[in-house]
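Report on one structure; see the data block that follows.
The chains referred to below are lettered A, B, ... by the order of the sequence lines, with proteins before strands, and numbering in each begins at 1. Since this is a predicted model, take the numbers as computed values, not measurements.
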Protein chains: 2
Amino acid sequence: MDKRKENSTNSINEAYWNNNCGIAFTLSLIGGRWKINILSYLLNEKILRYSELRNRLVGISERMLISQLKELEKDGLVNRIVHQQVPPKVEYELTERGLSLQPLLDLMDKWGEDNLGDK
Amino acid sequence: MDKRKENSTNSINEAYWNNNCGIAFTLSLIGGRWKINILSYLLNEKILRYSELRNRLVGISERMLISQLKELEKDGLVNRIVHQQVPPKVEYELTERGLSLQPLLDLMDKWGEDNLGDK
DNA sequence: TAGGGTACTAACAAAAAAGTAAGTATGGAT
DNA sequence: ATCCATACTTACTTTTTTGTTAGTACCCTA
C-alpha cells in the first residue's frame, strides 16, 4: 500500500528470495507486523468484523489494521465480506489457504512457548 | 546492535506480543531479513566460515551479515567458533536450539512451495 | 618494508515501516 | 437539520531497517 522503490538493492534481493525459496515466500505472507495476530484470532473465532478485530488487537492503529487486512486479502489468506447496510458492516474470515496455515502456526507457537523463558 | 527507541508505541507493542505469544516470539528470532537463509545453509552444511556464508548469501552486505549473525548468536541459535590464527578464521554452526528449528523450517518451506505459484 | 587475506567496525545516507491526527460517506434515529 | 456509528482514507511525521563506503588488526610472505 505504501509505495516502495522497486529498484533498491533491498527490494531486488527480497523479491529474488521470495520467488525462489518456500520459506522466504511463507515469511513474506505472514511476517507483517500484525498478521499472525489477525490470523490467530480468525483461526479461533472463525469470523470477526472490523471493529471486533480492532478491539482485540490492543495497540494497533487503524492504518495498520487496514493495511494488514488488505495484504492478507490480496495474498488470498482472508475473505472480506461486505454487508450492504448502514452503518457499514464488514466481516473477515480465513480462506481455505488461510486455514491451511493452522499446522504451521501451531508449530510456531509450540516452538516459541518451549523457548520463551530459556536463555 | 543498532539502537532503537525503547518507548516508541511500536517497540512497546512488539515487546508485549513477543513476551506473551509463542508465534510472535518465534517470528522475532527467525524473522530477520537474512536469518532463514543463514539458518538454512547451516542446517544443510553443518558448519561454515564467515566468508563461505558471505559467498552463499548473494546480495547481502557485510553489515547485515554480521548483525544477523550476532543476533542469532545472542538468541542462542548459532555458535561462533574462533580459531586463533592469522589471517582470522571464524566458523558458525547451529546450536541445539538452532537445530530444533528444522521441522518448523521444513514445514514453512513446504507450505511456501505449495503456494508459490498459485494466486 | 610493502602488500595480502580474513573477519570484522563505524559513520552517514537512503529506504521502508509504522504512528498520529484529521477527514469521508452513508442512511437512520432524534 | 443535526448527530451517530462504522469502516475506512489521507497527509504528514517519526522510527526502524538496510545500504554504502571506508576503515581496522593481525601476522605472514615476498
Side-chain angles (χ1 to χ4, degrees), chain A residues 1-18 27-28 30-35 37-38 47-74 78-92, chain B residues 1-18 27-28 31-35 37-38 47-73 78-92:
Chain A
M1 303 299 124
D2 294 327
K3 30 284 173 190
R4 293 179 60 168
K5 256 192 120 165
E6 282 181 13
N7 53 348
S8 71
T9 306
N10 187 42
S11 283
I12 292 168
N13 287 333
E14 204 178 355
Y16 170 79
W17 289 100
N18 288 350
L27 262 187
S28 76
I30 68 172
R33 182 73 181 72
W34 294 90
K35 286 185 183 172
N37 308 271
I38 294 173
I47 192 161
L48 287 169
R49 53 192 299 193
Y50 177 83
S51 53
E52 292 173 324
L53 279 169
R54 173 160 33 82
N55 292 337
R56 281 162 180 73
L57 297 167
V58 176
I60 200 174
S61 64
E62 305 241 357
R63 187 179 165 292
M64 270 294 103
L65 178 50
I66 290 285
S67 85
Q68 300 295 88
L69 285 171
K70 277 197 178 160
E71 287 182 24
L72 290 169
E73 193 193 0
K74 167 176 68 64
V78 313
N79 279 327
R80 179 168 176 271
I81 304 159
V82 182
H83 299 270
Q84 278 300 146
Q85 62 185 62
V86 169
K89 175 173 179 181
V90 179
E91 294 181 304
Y92 293 89
Chain B
M1 305 296 124
D2 294 326
K3 29 287 175 190
R4 292 179 63 171
K5 256 192 121 164
E6 283 180 12
N7 54 349
S8 70
T9 306
N10 186 40
S11 282
I12 292 169
N13 286 334
E14 204 178 355
Y16 171 78
W17 289 101
N18 287 350
L27 260 187
S28 76
R33 182 73 181 74
W34 293 91
K35 287 184 183 173
N37 309 270
I38 295 173
I47 192 160
L48 287 169
R49 53 193 299 193
Y50 177 82
S51 53
E52 293 173 324
L53 279 169
R54 174 163 27 85
N55 292 336
R56 281 161 180 74
L57 297 168
V58 176
I60 200 174
S61 64
E62 305 242 358
R63 188 179 165 294
M64 271 293 104
L65 178 50
I66 291 284
S67 86
Q68 300 294 87
L69 285 171
K70 277 197 177 159
E71 288 182 23
L72 290 169
E73 193 193 359
V78 312
N79 279 325
R80 178 167 177 271
I81 304 159
V82 181
H83 299 272
Q84 279 300 147
Q85 63 185 60
V86 169
K89 175 173 178 181
V90 180
E91 295 181 305
Y92 293 89

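- Distances from the side chain of A/Arg80 to the nucleotides C/dG19, D/dC8, C/dT6 place D/dC8 closest.
- Scanning all heavy atoms of the two residues, the minimum distance from B/Glu14 to A/Arg33 falls at N-NH2, 3.0 Å.
- C/dA15 atom C1' lies 14 Å from atom CD of A/Glu6, rounded to whole Å.
- Ranked by how close their nearest DNA chain D nucleotide is to the 5' end, A/Asn13 and A/Glu52 are led by A/Glu52.
- Taking the six-membered ring where the residue is Trp, B/Trp34 and A/Trp17 present perpendicular rings, their angle passing 60° and hence far from 30°.
- The listed nucleotides are C/dG5, C/dA11, C/dG19; the one nearest the side chain of B/Arg63 is C/dA11.
- The side chain of A/Lys70 lies closest to D/dT9 when the candidates are C/dG5, D/dT16, D/dT9.
- Projected onto DNA chain D by closest heavy-atom contact, B/Gly32 and A/Val90 fall at different nucleotides, the more 5' of which corresponds to A/Val90.
- For B/Ser61 and D/dG19, the shortest distance from a side-chain N or O to OP1 or OP2 is below 4.0 Å.
- Regarding contacts with the backbone of D/dT17, a side-chain N or O of B/Arg4 is found under 4.0 angstrom from either OP1 or OP2.
- Residues A/Trp34 and B/Glu91 both approach DNA chain C. Their nearest nucleotides, taken by heavy-atom distance, put B/Glu91 toward the 5′ side.
- Taking only side-chain nitrogens and oxygens, B/Ser51 comes nearer than 4.0 Å to OP1 or OP2 of C/dA7.
- Atoms CD1 (A/Ile60) and P (C/dT20) sit 13 Å apart, rounded to a whole Å.
- Taking only side-chain atoms of A/Tyr92, from C-beta outward, the nucleotide of C/dA11, D/dC8, C/dG5 with the closest atom is D/dC8.
- At whole-Å resolution of the value, CD in B/Gln85 and C1' in D/dC26 are 12 Å apart.
- The shortest distance between the side-chain N/O atoms of A/Lys5 and the OP1/OP2 oxygens of C/dA15 is below 4.0 Å.
- Atom-to-atom, NZ of B/Lys35 to C1' of D/dT17 comes out at 12 Å; the value is rounded to the nearest Å.
- Atom CD1 of B/Ile66 and atom P of C/dT9 are 6 Å apart (whole Å).
- With rounding to whole Å, A/Leu57 atom CG is found 15 Å from D/dA7 atom C1'.
- The interatomic distance linking B/Glu62 (CD) with C/dC12 (P) rounds to 20 Å, in whole Å.
- Of all nucleotides listed (D/dC8, D/dT6, C/dA18), C/dA18 comes nearest to the side chain of A/Met64.
- Atom CZ in B/Arg33 sits about 20 Å away from atom P in C/dA14, given to the nearest Å.
- Remark: A/Thr9 is in phosphate contact with D/dT20, judged by side-chain N or O atoms under 4.0 Å from OP1 or OP2.
- For the pair A/Ser67 and C/dA18, the criterion of a side-chain N or O lying under 4.0 Å from OP1 or OP2 is not met.
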